[in-house]
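Read the structure below first, then the notes.
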Amino acid sequence: MVDPRIIREKPEWLRQKLRDRGLAFDLDGLLTLEAERRRLLAELERLRARKNALSEEIGRRKRAGQDVATLVAESAGIDPALKGLTEQQRKAQEQLDALLLTVPNPPHDSVPVGADAGADQEVRRWGKPRELAFTPKPHWELGEALGILDFERGARLAQTRFAVLTGAGARLERALINFMLDLHTREHGYTEAAPPLLVNAAAMTGTGQLPKFEEELFKTRDEGLYLIPTAEVPLTNLHREEILPPGALPKKYTAATPCFRREAGSYGKDTRGLIRQHQFNKVELVWFTEVGASYEALERLTADAEEVLKRLELPYRVVALCTGDLGFASAKTYDLEVWLPGHGDFREISSCSNCEDFQARRAEIRYRRHPKAAPEYAHTLNGSGLAIGRTWIALLENFQEADGSVTIPDVLRPYLDGEKRLAPR
RNA sequence: GGAGGGGUGGCCGAGCGGUUGAAGGCGCCGGUCUUGAAAACCGGAAUCCCGCAAGGGAUCGGGGGUUCGAAUCCCUCCCCCUCCGCCA
């Protein structure tokens with residue numbers, strides 16, 4: 001949520017920031033509503049103050065045994081106006097709140113301005129794609145030939161965009177999860193969490209999935225709970241409605257969880273292969289920082305995610321998303337894109353974002369700098385470290401051999417009983 | 001699913017319908033004492049909103065009601081705990 005004060009005090013700045021995102025947002029409507037809300041509130045509070053004063057006086061006189069009839073009559077006379085104002089004010093506040101929840105995070109000044117992904121800026125590149133003496137195959141051909149990937153049965157069990165990994169494929173999935181969690185917990189200082197995979201609407205609102213993106217979420221019919229689309233949701237909401245004591249920040253969490261996305265509106269996209277599934281595993285990284293520390297933290301978090309790719313020897317590039325390509329809650333995002341020989345292109349494998357205080361405001365995540373200091377909204381960051389399914393794809397496609405076998409990178413071998421390669425049966 | 005108990009400040013825990021935003025304790029901050037610390041003693045300190053300020057308003061799980069006045073009474077929803085049943 002944007003700071004309502006900014007709407008009042010820097011409307012032109014906000015208007016430009018939203019325009020940079022490619023949004024024609026009705027800021028004037030918002031401004032009018034906010035002014036009206038404050039006018040009603042001031043009037044309402046004036047009446048309430050009078051009523052409180054009367055009640056106090058009535059109490060005093062009653063104890064003194066004096067007559068209170070005229071005071072009671074005046075107090076009762078205020079009621080109709082009070083009732084009407086209360087209702088008007090409540091409506092204005094509700095409208096304003098609902099509208100505020102739909103305003104995206106203004107981009108940070110360092111974010112390149114642009115309309116769409118075409119304006120994203122490559123920041124750096126790491127590793128060189130292998131020179132292959134044969135035409136690389138896409139992962140679905142490799143996986144099915146290796147007997148470790150099965151889309152047909154996935155669809156039979158659920159529907160399209162679900163897959164089954166079997167044998168070495170399932171073990172590889174598990175190995176990747178364990179390798180990444182070990183790296184982040186042992187070397188990067190993250191606390192591992194195993195959070196609920198179903199969360200309530202308040203949690204989804206806190207991170208920004210609700211109210212605008214409900215159609216992307218799976219929801220349980222009886223309880224009204226939502227399946228998480230990313231562990232960012234439970235991890236960031238871990239400290240919802242808390243005031244963290246001095247010295248508590250930064251806090252860093254990681255979790256490996258399945259993620260569930262309805263992928264509404266992407267019917268034609270990535271229909272083949274594991275790239276876009278309704279369910280996939282992901283290792284997530286989440287930071288809570290003090291206000292001045294979040295951009296330094298974004299670089300660190302991104303580096304932590306990059307380290308996974310480096311150790312797996314997977315070539316990648318880092319891209320700074322432009323204003324028009326930024327997610328709803330993010331003020332700045334780096335995407336990590338891994339090289340996929342079977343696709344002949346780079347594909348997103350991680351997205352690392354600084355949400356500044358946008359989520360903290362929605363979720364009431366605050367901290368104190370000093371024991372006596374006033375609470376401030378924390379900054380929250382999140383990034384994939386990494387998406388497991390897409391890493392699985394990248395391994396198959398990058399380390400494939402002419403005979404369809406796949407070499408296992410060194411760091412992963414301890415997680416696979418020393419296995420050096422996956423070979424067709 | 002059945003039966004019962006309970007939700008008060010960072011935590012524990014009091015609270016006859018009227019100076020209770022809320023006793024007391026723990027923890028926290030400042031001070032006195034001390035070489036230093038601890039202990040002891042004294043003092044301070046909730047959160048949010050409106051307002052330049054003075055000040056005002058709201059908040060005792062959420063919402064609604066009764067009343068001039070509700071943490072205290074009524075209704076309703078949510079959550080937690082205990083026991084029984086079922087179950088990974």
Side-chain angles (χ1 to χ4, degrees), chain A residues 1-9 30-101 194-206 210 219-226 234 237-249 251 258 288 357 360-378:
Chain A
M1 195 161 76
V2 296
D3 186 347
R5 213 183 337 254
I6 284 182
I7 295 173
R8 294 209 295 265
E9 293 169 8
L30 202 64
L31 277 165
T32 311
L33 203 54
E34 161 66 2
E36 177 68 357
R37 185 204 129 242
R38 278 195 297 159
R39 188 187 67 75
L40 290 168
L41 186 62
E43 179 64 11
L44 177 65
E45 291 191 346
R46 198 182 59 77
L47 288 187
R48 282 214 269 247
R50 179 63 190 149
K51 246 187 97 103
N52 286 345
L54 285 169
S55 287
E56 213 174 293
E57 182 61 20
I58 290 169
R60 233 191 316 271
R61 292 208 188 175
K62 270 200 163 175
R63 275 189 300 276
Q66 297 171 323
D67 178 61
V68 295
T70 54
L71 293 182
V72 170
E74 183 186 348
S75 181
I78 297 175
D79 285 351
L82 188 65
K83 200 171 179 192
L85 263 178
T86 304
E87 186 57 21
Q88 284 183 59
Q89 206 280 330
R90 193 185 56 79
K91 276 197 184 132
Q93 183 73 55
E94 262 172 21
Q95 279 181 47
L96 184 68
D97 289 345
L99 202 55
L100 278 174
L101 287 176
L197 307 180
L198 291 162
V199 302
N200 56 35
M204 285 294 185
T205 305
L210 293 179
K219 183 179 187 179
T220 70
R221 194 227 311 143
D222 292 335
E223 299 81 5
L225 294 172
Y226 297 86
N237 279 284
L238 229 36
H239 295 295
R240 181 153 56 91
E241 289 165 40
E242 286 185 31
I243 300 175
L244 298 163
L249 298 177
K251 278 184 177 288
F288 298 83
D357 65 5
R361 272 178 201 287
R362 294 174 154 243
E364 288 292 310
I365 304 164
R366 293 174 292 174
Y367 70 100
R368 270 184 235 278
R369 268 175 207 276
H370 309 291
K372 310 193 82 165
E376 292 176 68
Y377 289 110

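Letters A, B, ... are given to chains in the order of the sequence lines, protein chains preceding strands, and every chain is numbered from 1.
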Taking [M] as the reference, what is the distance to [N] when you measure between their [atom1] atoms (whole Å, please)?
| N | M | atom1 | value |
| --- | --- | --- | --- |
| B:G55 | B:G18 | C1' | 23 Å |
| B:G13 | B:G7 | P | 9 Å |
| B:G85 | B:C74 | P | 34 Å |
| B:G15 | B:C60 | C1' | 11 Å |
| B:C77 | B:C28 | P | 43 Å |
| B:A14 | B:U20 | C1' | 12 Å |
| B:G10 | B:G5 | P | 29 Å |
| B:G51 | B:G9 | C1' | 26 Å |

Name the pairing partner of B:A45, where a pair is Watson-Crick or G-U wobble with both distances under 3.5 Å, or state none.
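Across any shown strand, B:A45 pairs with none.
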Searching all strands shown, indicate the nucleotide that pairs with B:U82 (Watson-Crick or G-U wobble; both distances under 3.5 Å).
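By the stated definition (distances under 3.5 Å), B:A3 pairs with B:U82.
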[atom1] of [X] versus [atom2] of [N]: gap in Å, rounded?
| X | N | atom1 | atom2 | result |
| --- | --- | --- | --- | --- |
| A:R48 | B:C68 | CZ | C1' | 16 Å |
| A:L85 | B:C50 | CG | P | 17 Å |
| A:E9 | B:G51 | CD | C1' | 13 Å |
| A:R46 | B:A58 | CZ | C1' | 18 Å |
| A:N52 | B:G56 | CG | P | 10 Å |
| A:L44 | B:G56 | CG | P | 16 Å |
| A:Y377 | B:C49 | OH | C1' | 11 Å |
| A:E36 | B:C50 | CD | P | 15 Å |

Distance test, side-chain N/O of A:R50 to OP1/OP2 of B:C68, below 4.0 Å:
no
5' priority, RNA chain B, between A:E34 and A:E56 [closest heavy atom]:
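In this pair, the answer is A:E56.
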Nearest-nucleotide comparison on RNA chain B, the residue closer to the 5′ end among A:K83 and A:E45
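It is A:E45 whose nearest nucleotide is closer to the 5' end.
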Give the minimum heavy-atom separation between [X] and [Y], together with the two atoms involved.
| X | Y | result |
| --- | --- | --- |
| A:A363 | A:G206 | CB-CA, 4.0 Å |
| A:A360 | A:A378 | CB-O, 3.1 Å |
| A:M1 | A:R361 | O-CD, 3.0 Å |

Base, sugar-phosphate alone, or nothing: which one does [X] contact when heavy atoms must sit under 4.0 Å apart?
| X | answer |
| --- | --- |
| A:D79 | nothing |
| A:R368 | sugar-phosphate |
| A:A76 | nothing |
| A:R366 | sugar-phosphate |
| A:L41 | sugar-phosphate |
| A:R8 | sugar-phosphate |
| A:P245 | nothing |
| A:R37 | sugar-phosphate |
| A:K62 | base |
| A:S75 | sugar-phosphate |

Basic-acidic side-chain contact under 4.0 Å: [X], [Y]:
| X | Y | value |
| --- | --- | --- |
| A:E94 | A:K91 | no |
| A:E43 | A:R46 | yes |
| A:E87 | A:K83 | no |

Check every atom of [options] against the side chain of [X] and return the nucleotide holding the closest atom.
| X | options | result |
| --- | --- | --- |
| A:A49 | B:G56, B:U47, B:G51 | B:G56 |
| A:I58 | B:G18, B:G51, B:G69 | B:G18 |
| A:S55 | B:A58, B:C49, B:C68 | B:C68 |

Quick one, A:E56 with A:N52, criterion side-chain hydrogen bond (donor to acceptor under 3.5 Å, both in side chains). Give me CA distance, side-chain angles, the key distance, then yes/no.
CA-CA 6 Å; A:E56 213 174 293; A:N52 286 345; over 6 Å; no
May I ask you to test the A:L198-A:E223 pair for a side-chain heavy-atom distance under 4.5 Å?
no
